[in-house]
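Submitted below is the structure of interest, expressed as structure tokens.
Quick caveat: nothing in here was measured; it's all calculated off a predicted structure. Order of the sequence lines fixes the chain letters, A, B, ..., with proteins taken first and strands second; residue numbering starts at 1 for each chain.
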Amino acid sequence: MHLYSTISKRKEPLVPDAEGTVGIYVCGPTVYGRIHIGNARPFVVFSVLKRFLERRGVRVRLVSNLTDVNDKIYTAAAAEGVPSAELARRYSDAYIADTDRLGLGRPDVEPRVTESVPGIIALIEELMQRGLAYAAGGDVYYRVERFPGYGRLSGRRLEDMVSGEPATGAAKESHLDFALWKGRKPDEDTWWESPWGPGRPGWHIECSAMAEEALGRGFQVHGGGIDLIFPHHENEIAQSEGAHGGCMAQIWMHNEMLELGDEKMSKSLGNIAPLADVLDRWPAEVVIAYFLTSHYRSKLPFSDERLGEARAVVERLTNALKAIDRAMATGGEGHDADLTRAIVDGRREFFRALDDDFGTPEAFAALFEMVRGINRATTAGEASPAQLREARHELLDLLDVLGLAGIDPGPAAEVPAEVLSLLDDRERARAARDFAGADALRDRIRALGYEVTDGPGGPQATPIAPEAGSA
RNA sequence: GGCGACGUGGCGAAGUGGCUAACGCGGCGGUCUGCAAAACCGUUAUUCAUGGGUUCGACUCCCAUCGUCGCCUCCA
């Protein structure tokens, strides 16, 4: 498969390492609050990318960190009057719990900064030995102008960079330099001893250290939000490649931002929708479909309208599965060549789309071609139960790649006898052409939580799905 | 000011040198239905922000303009 790489601005072939493994490192959240729907985008994109690659027979090692020590964590903890370690642990747990609800599994490794300090210190020492870092007033800084490739990822030149650093950074040799280690300030209650005195890691160094520890030097894909390109990922490259040479990652893969109204959603702007709240209102599969019906490199508006469209997508897929189940019961005895063609073509196009820079919108288009073929077949009624079962299996198989297998309604749940009885009453009313009575009975059944639909095989009562917003 | 991304039908979203510009939602017409839902069939952009240029040929390449967004301030 090919993936677009920010550093080359081209689609690059994804080449596994000598053991046939693809290592992926994705920058995870800083845990000073509940994560928002925007944070969920890389989680979904990279989790599903992993599923896809594994389906392709590639072994994947997905690593996504938690940044659990940071200025914002100190600040939030101080505001609440709790120890920063406690606050970080609480929101680390919340992050795991919130993303678990998506049902996409966990990354293979989820390292935490607080558990990676020895490796971080070792990396800083290596940089100092190479003259790329220097201690100053209890801090350690990276000497940016000593690293020739600086700016390669973000396409910046050093002379173009404006000094945004406040005057407090007076200990630095250059305003471009960034902190690798920050000396402990009196009110900072999470800290470690180091060769440079007590303190804690700077923002960027932890990812260099944790990526190396989990994936080794020179892995396949480094990912994250596009807003991390500068300075975070630029600095990671400076650190990792500065310390060891070589190439930190083959491909730099960045997802675009969510938009709320006209601006991006972000914690600093305060216009956030917590993932947990979104998942209270919409099923996980709808949220996944919401992300995946758009390309990961496109800006994605966040709104109830868009979630509603994603729900329509999911319903169309679900309805096709239901249609198959009904058709298998009534069953034809022949072979529907058009159905087979739709399945084969759909499967081919599905994988072709994902092979080309993870083209999930086109993959959905392929699914819909398959769905139309299925719906045509169930309408025509020629396909045998065996052929229909195969079609169902194929569709579900592809849905599973996208993490959407959960939309399978499965075998219909037992309908309560009371509902069945009312259904019989309604049929008698309909037979007597007492439609007012029939509709009244339908209302009573609905009050019991079941929707009545009249199909070719007679009426059916199906549980009413919970509506968005009702939770 | 510097760097970067993007502007495709009512909405969303693919395509990125050459067959009829995918797919979903919505609209309209039809089939089915007591009604409804689902589904199916047909229809819904002579056109891809605008203006130039390159080319036998551009939505696709180049330039300019307008517009939107992101980064340059520890936000995915």
Side-chain angles (χ1 to χ4, degrees), chain A residues 6 9 26-30 35-46 64 67 70-72 151 154-157 159-166 178-179 182 202-204 223-232 234-235 254-259 262-270 272 289-290 293-295 297-301 303 305-306 308-313 315-320 322-323 326 349 353 356 359-369 371-372 374-380 429-431 433-436 438-439 442 451-456 460 462:
Chain A
T6 308
K9 296 191 174 66
V26 183
C27 288
T30 300
I35 64 158
H36 59 69
I37 183 74
N39 294 302
R41 190 175 197 184
F43 187 91
V44 170
V45 165
F46 289 98
S64 184
T67 297
N70 163 291
D71 284 342
K72 290 188 172 179
S154 57
R156 286 155 211 270
R157 287 182 306 218
E159 53 269 33
D160 289 336
M161 295 196 200
V162 188
S163 167
E165 194 73 14
F178 58 90
K182 293 186 168 190
W203 177 34
H204 315 293
I226 199 169
D227 56 344
L228 293 180
I229 292 173
F230 190 90
H232 186 55
E234 193 70 62
N235 290 351
H254 292 102
N255 61 275
E256 253 290 359
M257 302 287 101
L258 255 50
E259 288 180 332
D262 289 336
E263 53 195 7
K264 75 163 181 170
M265 178 183 301
S266 78
K267 292 179 190 171
S268 26
L269 289 171
I272 59 165
Y290 160 71
T293 48
S294 168
H295 189 84
R297 286 195 287 121
S298 295
K299 285 186 272 285
L300 177 59
S303 66
E305 287 70 26
R306 299 307 312 277
E309 286 177 21
R311 181 174 56 186
V313 162
E315 279 176 1
R316 186 162 166 79
L317 296 168
T318 306
N319 285 339
K322 288 182 183 167
R326 277 196 302 274
E349 290 305 304
D356 183 9
T360 54
E362 288 174 275
F364 270 95
L367 287 180
F368 285 125
E369 301 286 2
V371 161
R372 189 186 309 120
I374 287 169
N375 287 334
R376 277 179 181 158
T378 56
T379 301
R430 291 179 71 206
R433 304 196 69 77
D434 172 16
F435 297 123
D439 288 346
R442 175 155 58 187
E451 194 66 51
V452 177
T453 51
D454 298 314
Q460 281 207 322
T462 50

| message | Using a heavy-atom cut-off of 4.0 Å across all strands, would you classify Phe368(A) as base, sugar-phosphate, or nothing? | response |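 Sugar-phosphate only.
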| message | Can you tell me if Arg372(A) touches the phosphate of rA38(B), counting only side-chain N or O atoms and a distance under 4.0 Å to OP1 or OP2? | response |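 Answer no for this pair, as no side-chain N or O of Arg372(A) is under 4.0 Å from OP1 or OP2.
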| request: May I ask you to verify if any side-chain N or O of Asn39(A) is less than 4.0 angstrom from the OP1 or OP2 atom of rA76(B)? | output: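 Answer yes for this pair, as a side-chain N or O of Asn39(A) is under 4.0 Å from OP1 or OP2.
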| Side-chain donor or acceptor of Glu234(A) paired with backbone N/O of Gly151(A) under 3.5 Å |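 Looks like yes, one N/O pair under 3.5 Å.
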| Base, sugar-phosphate, or nothing: which does Arg442(A) touch, judged by heavy atoms less than 4.0 Å apart? |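 Base, at least one base atom sits under 4.0 Å.
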| task | Hunt down the Watson-Crick or G-U wobble partner of rA76(B), both distances under 3.5 Å, from any strand shown, or write none. | result |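 No nucleotide pairs with rA76(B).
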| query | Base, sugar-phosphate, or nothing: which does Glu451(A) touch, judged by heavy atoms less than 4.0 Å apart? | reply |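 No contact.
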| query | Looking at the side chain of Lys299(A), which of rC69(B), rA76(B), rA13(B) is the nearest nucleotide? | reply |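 Closest nucleotide among those given: rC69(B).
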| field | Side chain of Arg316(A) (C-beta onward), nearest among rG34(B), rA22(B), rC40(B) | value |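 The answer is rC40(B), which lies nearest to the side chain.
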| Checking all strands, does Asn375(A) fall into the base, sugar-phosphate, or nothing category for heavy-atom contacts under 4.0 angstrom? |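 Sugar-phosphate only.
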| field | Nearest-0.5 Å distance, CG of residue Asn39(A) to CG of residue Leu258(A) | value |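 That separation rounds to 9.5 Å.
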| Reckon Asn255(A) has a side-chain N or O less than 4.0 Å from the OP1 or OP2 of rA76(B)? |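 No.
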| Across the strands shown, which category fits Thr379(A) at heavy-atom distances under 4.0 angstrom: base, sugar-phosphate, nothing? |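 Sugar-phosphate, backbone atoms only, no base.
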| Can you find a side chain N or O atom of Ser298(A) that sits less than 4.0 Å from OP1 or OP2 on rA5(B)? |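 Result: no.
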| task | Both distances under 3.5 Å, Watson-Crick or G-U wobble: report the partner of rA39(B), or none. | result |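 Result: rU31(B).
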| query | Does Arg306(A) use its side chain to pair, donor to acceptor, with the backbone of Tyr290(A) at less than 3.5 Å? | reply |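 No; judged by distance alone, with no hydrogens or angles, the pair does not exist.
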| Given rA13(B), rA76(B), rA5(B), the nucleotide with the shortest approach to the side chain of Pro361(A) |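 Nearest listed nucleotide: rA13(B).
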| Which part of the nucleic acid does Arg430(A) contact within heavy-atom distance under 4.0 Å: base, sugar-phosphate only, or nothing? |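 The answer is base, as Arg430(A) lies within the cut-off (heavy atoms under 4.0 Å) of a base atom.
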| Heavy atoms under 4.0 Å, any strand shown: does His232(A) hit a base, just sugar-phosphate, or nothing? |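 Contact class for His232(A): none.
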| Using a cut-off of 4.0 Å on non-hydrogen atoms, how would the nucleic acid contact of Gly359(A) be classed: base, sugar-phosphate, or nothing? |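 The residue Gly359(A) makes no contact with any strand.
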| request: Look at all strands and tell whether Thr67(A) reaches a base, only sugar-phosphate, or nothing, counting heavy atoms closer than 4.0 Å. | output: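 Touches nothing.
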| query | Which of these nucleotides, rC23(B), rC69(B), rG12(B), is closest to any side-chain atom of Glu369(A)? | reply |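 Ranking rC23(B), rC69(B), rG12(B) by closest atom to the Glu369(A) side chain puts rC23(B) first.
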